[in-house]
Amino acid sequence: MALLVTLAALAAAGGHAAYLAMLSSAANKRPGGRPAAEFAKKRYPIAGAGLAVTLLALLISTGGTGADVFAMLLGAGGGLGSLKALQSSQQRFRKGDY
């Protein structure tokens, strides 16, 4: 069960990082896309932290029962945080608030 929770969290964190990478790549290819690229660059540390937390949770989930419980809590927190950060990034970008 802990493995499933941490894998779902890892997918959410990876999704946020992938979204920022796609946004940055598209912004760099078009003229006048510098502000969007800078916005994505500012959000990379948040995505990296979420990815690191969920990877740590995945590594911890290979332990015993106590470690599994801790890994599920850590993974769920990291996944939810990454999901909220992704939604925030999308919302701010769509509003042009960058």
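The figures that follow rest on heavy atoms only: side chains count, while hydrogens, waters and symmetry mates do not. Just so you know, these numbers come straight off a predicted model, no measurement behind them.
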- request: Report whether Leu83 and Leu10 are members of the same hydrophobic cluster (ILVMFWY, side-chain heavy atoms less than 4.5 Å apart, transitive linking).
  value: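 Hydrophobic grouping puts Leu83 apart from Leu10.
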task: Compare all side-chain heavy atoms of Lys84 with those of Ser88 and state whether any distance is below 4.5 angstrom.
output: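 No. Closest side-chain heavy atoms not under 4.5 Å.
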Please report the interatomic distance [atom1]([X]) to [atom2]([Y]), rounded to the nearest 0.5 Å.
| X | Y | atom1 | atom2 | answer |
| --- | --- | --- | --- | --- |
| Asp68 | Leu73 | CG | CG | 11.0 Å |
| Met72 | Leu3 | CE | CG | 11.0 Å |
| Gln90 | Leu23 | CD | CG | 10.0 Å |
| Lys42 | Leu20 | NZ | CG | 13.0 Å |

Atom pairs and distances, side-chain donor-acceptor, residues 51-65, under 3.5 Å, sequence neighbours left out:
| unit_1 | atom_1 | unit_2 | atom_2 | d |
| --- | --- | --- | --- | --- |
| Thr54 | OG1 | Gly50 | O | 3.1 |
| Thr54 | OG1 | Leu51 | O | 3.0 |
| Ser61 | OG | Leu58 | O | 2.7 |
| Thr62 | OG1 | Leu59 | O | 2.7 |

message: Filter on side chain to side chain donor-acceptor pair (under 3.5 Å), then keep only pairs touching residues 6-27, sequence neighbours left out; what's left?
response: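 The answer is His16-Ser89.
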task: Kindly give the heavy-atom pair with the smallest separation between Ala27 and Ala37, and that separation in Å.
output: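 Closest heavy-atom pair between Ala27 and Ala37: CB-N, 3.6 Å.
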